[in-house]
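First the structure, in the form of structure tokens, and then the observations on it.
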Amino acid sequence: QVSLVQSGGGLVQAGDSLRLSCSASSLNVVAWFRQAPEKEREFVAAISRSGDSTDYTNSVKGRFTISRDNAKNTVYLQMDSLKFEDSAVYYCAATPGGVMKTIPGYYLYWGQGTQVTVYS
């Protein structure tokens, strides 16, 4: 019901880095999705309640890192070596559920979305 608050994003050159933040309160699993123009929402990464388990879509493995600081109720998405194809609106999503899934409908709470634009 209550929206998550996101920050970060912007316009960067290919190869640069950005870090997105999401205020996720005490919710268990937190994930990041992205949606480019004319494309469907795509799973990017997810993290467990403790932060010990993570999941990534293949296209971002080795470049993106999801992490969380539960003392600050914040989840981060560190994006390195950004590519043009990473350009999209990025959404933070969360659920009280205890397992990680790649299906958007599984997540009950969503952030407002943050634009990430990468130029070459």
Side-chain angles (χ1 to χ4, degrees):
Q1 295 187 30
V2 180
S3 297
L4 307 178
V5 178
Q6 299 180 219
S7 62
L11 175 66
V12 299
Q13 184 176 172
D16 286 354
S17 298
L18 283 174
R19 188 177 75 163
L20 307 181
S21 298
C22 174
S23 178
S25 185
S26 61
L27 294 165
N28 287 337
V29 174
V30 179
W32 291 93
F33 290 80
R34 64 188 181 187
Q35 188 164 17
E38 311 297 328
K39 299 184 68 176
E40 65 184 43
R41 202 179 313 162
E42 175 190 22
F43 172 80
V44 177
I47 190 167
S48 65
R49 176 70 178 92
S50 67
D52 292 333
S53 298
T54 58
D55 188 24
Y56 299 92
T57 190
N58 286 336
S59 64
V60 307
K61 287 181 178 178
R63 299 189 299 117
F64 290 12
T65 303
I66 187 171
S67 62
R68 68 193 303 166
D69 184 342
N70 288 337
K72 297 180 179 179
N73 295 318
T74 302
V75 175
Y76 305 96
L77 184 66
Q78 177 68 41
M79 303 182 292
D80 297 323
S81 301
L82 282 163
K83 304 175 180 180
F84 173 77
E85 52 264 43
D86 294 319
S87 298
V89 176
Y90 283 70
Y91 296 92
C92 177
T95 178
V99 298
M100 297 181 293
K101 294 185 178 182
T102 63
I103 304 171
Y106 174 69
Y107 296 89
L108 302 180
Y109 304 94
W110 291 81
Q112 78 277 17
T114 301
Q115 178 70 52
V116 173
T117 302
V118 184
Y119 66 92
S120 59

Establish whether [X] and [Y] are linked, either directly or via other cluster members, by ILVMFWY side-chain heavy-atom contacts under 4.5 Å.
X	Y	answer
Y76	Y56	no
V12	V44	yes
L18	V75	yes
V118	W32	yes
V60	L82	yes

Which distance, rounded to the nearest 0.5 Å, do you find between the [atom1] of [X] and the [atom2] of [Y]?
X	Y	atom1	atom2	result
C22	R68	SG	CZ	9.0 Å
I66	S53	CD1	OG	11.5 Å
I47	M100	CD1	CE	8.5 Å
E42	Q35	CD	CD	10.0 Å
S3	Q112	OG	CD	8.0 Å

key: salt bridge (Lys or Arg N to Asp or Glu O under 4.0 Å) partners for D55, two or more places apart   = none
Looking at [Y], is its backbone amide N or carbonyl O close enough to the side chain of [X] to form a donor-acceptor pair, meaning the two atoms are under 3.5 Å apart?
X	Y	value
N70	S50	no
Q115	G9	no
Q6	L20	no

Side-chain contact test, heavy atoms from C-beta onward, threshold under 4.5 Å: evaluate it for [X] versus [Y] and give yes or no.
X	Y	result
V99	V29	no
P96	L108	yes
C92	W110	no

Closest non-hydrogen atom pair between S81 and S17, with its separation = N-OG, 4.2 Å
For F43 against A31, the heavy-atom pair lying closest together = CE1-CB, 4.2 Å
query = Which pairs count as salt bridge (charged side-chain N to carboxylate O under 4.0 Å, His left out) when at least one residue sits in residues 74-97, sequence neighbours excluded?
reply = R34-D86, R63-D86
ask   = F64 vs Y90 aromatic rings, parallel, tilted or perpendicular, using cut-offs 30° and 60°?
value = tilted
query = Hey, what's the ring geometry for Y107 with F33, parallel, tilted or perpendicular (30° and 60° as the breaks)?
reply = perpendicular
